[in-house]
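Structure first, commentary second.
Both counts, for ligands and for their atoms, begin at 1 and track the order of listing.
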Amino acid sequence: MDQDSRIIVALDCDSRTAFDDTVDRLGDECRFYKVGLELLTAVGPDVVTSLVARGKEVFLDLKLFEIPNSVAGAVRAAGARGVSMVTVHGMGGRGIMSAAVDAARDFPDLRILALTVVTSMTDDDLADIGISDSAEQQVLRLARLADKAGCHGVIASPQDVAALRDALGADALIVTPGVTLPGDSPSEHARPGTPRAALTAGASHVVVGRTVTRATDPAAAFRLVRDTLAV
Ligand code: C5P
């Protein structure tokens, strides 16, 4: 894998104009984009088709948590659009994750990633929903369950990466959002880290959003992220 493909830019915008503008301005710099619920709902799945037509890889962050039949249908629809990664909630349990994995078998390039604990959640947030384990313990439990269900990898915060790499072995994908560059405002990330720290700890990919997309010059910001990985 070349270095650029390890950086996934999150296109969290709400209009076709903003989408086109960001993708145009990033041009050849960025090869891998994350499409999430905001863009999908505001503009529609044509954005995925457009990205694939431009030769980009797409991580469709659907965060699926539904009955297995509906999860499978959504995964097949994503595969048919040429998506490379789809997310499913680990908290939905083994049945939901297995349904996603089974549905992806018809699409050899499609990877199913389990969301463990979103990076904004703290131990107190988990306690509020009846989970007495720490976020770290819950991440590991759900990651092992995802592995047993056949998921190709997990989404995890920078600080959980090293333990996950130990638990899941060398082949698992570990995709890490919640990364910011030194000097960025902390935003709502409860457990942030730098892209370089995440990759050094064992992440296979990092997801960078506003650090790039809200920069005055997104291509320059992307290069800055890439350069921090080259050191
Ligand atoms: O904060 P940033 O703009 O880099 O976020 C990029 C992506 O990272 C978002 O689309 C979101 O899915 C994910 N994220 C996350 N937890 C947060 C903040 C963002 O998983 N606390």
Side-chain angles (χ1 to χ4, degrees), residues 6-15 18-19 21-23 25-26 29-30 32-43 47-48 51 56-65 78 83-91 111-126 128-129 135-136 138-139 142-143 146 153-161 164 173-199 201 203-216 218 221-226 228-229:
R6 295 181 303 174
I7 308 168
I8 303 173
V9 170
L11 291 166
D12 293 323
C13 55
D14 64 0
S15 73
F19 163 79
D21 184 58
T22 304
V23 176
R25 293 179 77 189
L26 282 167
E29 300 282 358
C30 178
F32 211 148
Y33 286 100
K34 180 167 94 71
V35 173
L37 299 176
E38 180 183 7
L39 182 58
L40 195 63
T41 306
V43 184
V47 295
V48 173
L51 289 168
K56 308 299 183 188
E57 285 198 73
V58 178
F59 163 13
L60 192 55
D61 194 10
L62 293 177
K63 297 183 163 70
L64 297 168
F65 197 149
V83 164
S84 300
M85 293 175 176
V86 172
T87 42
V88 59
H89 264 283
M91 283 208 204
R111 299 284 172 265
I112 301 298
L113 301 175
L115 184 64
T116 57
V117 178
V118 293
T119 56
S120 58
M121 286 187 93
T122 62
D123 292 355
D124 287 342
D125 293 324
L126 289 177
D128 284 346
I129 58 167
E136 196 181 344
Q138 180 72 353
V139 165
L142 294 179
V154 294
I155 309 293
S157 83
Q159 278 128 34
D160 297 322
V161 169
L164 284 168
L173 297 175
I174 301 179
V175 178
T176 304
V179 293
T180 54
L181 291 176
D184 282 351
S185 63
S187 69
E188 76 273 24
H189 297 291
R191 290 174 280 133
T194 66
R196 185 167 183 225
L199 289 175
S204 57
H205 300 78
V206 290
V207 177
V208 185
R210 291 161 289 186
T211 294
V212 167
T213 58
R214 301 227 177 136
T216 317
F222 184 92
R223 284 192 294 274
L224 196 60
V225 172
R226 191 181 57 203
T228 68
L229 304 182

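In this structure, the side chain of T87 engages the main chain of L62 through a donor-acceptor pair within 3.5 Å. For T116 (side chain) and I155 (main-chain N/O), a donor-acceptor pair under 3.5 Å exists by modelled atom type. At distances below 3.5 Å, at least one donor-acceptor pair connects side-chain atoms of S204 with backbone N or O atoms of I174.
Within 6.0 Å of CZ in R214 there are 12 or fewer heavy atoms belonging to other residues, nucleotides or ligands.
Near R210, with a cut-off below 4.0 Å to any heavy atom, the atoms of ligand 1 are 1 (O), 2 (P), 3 (O), 4 (O). For ligand 1 and P177, the ligand atoms under 4.0 Å from any heavy atom of the residue are 8 (O), 13 (C), 20 (O). Set against the non-hydrogen atoms of D61, the atoms of ligand 1 under 4.0 Å away are 12 (O). Within ligand 1, counting atoms from 1 as listed, the ones closer than 4.0 Å to a heavy atom of K63 are 12 (O).
Using a 4.0 angstrom heavy-atom cutoff, T211 does not count as in contact with ligand 1. Contact between K34 and ligand 1 is present, with at least one heavy atom of the residue lying under 4.0 Å from the ligand. Ligand 1 lies nowhere less than 4.0 angstrom from a heavy atom belonging to M121.
Taking the six-membered ring for Trp and thresholds of 30 and 60 degrees, F65 and H89 have ring planes inclined between 30 and 60 degrees apart.
Note: an N/O pair closer than 3.5 Å links G209 and ligand 1 by distance alone.
Residue nearest to atom 10 (O) of ligand 1, selected from I8, L39, T180, D12: D12 (by heavy-atom distance).
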Next item on the list: Please assess L60 against L40 for the test side chain to side chain contact (heavy atoms under 4.5 Å, CB included), listing each intermediate value before the final yes or no.
Entry: CA-CA 9 Å; L60 192 55; L40 195 63; 4.3 Å; yes
Next item on the list: Tell me, with the steps shown, if Q159 and E136 meet side chain to side chain contact (heavy atoms under 4.5 Å, CB included).
Entry: CA-CA 9 Å; Q159 278 128 34; E136 196 181 344; over 6 Å; no
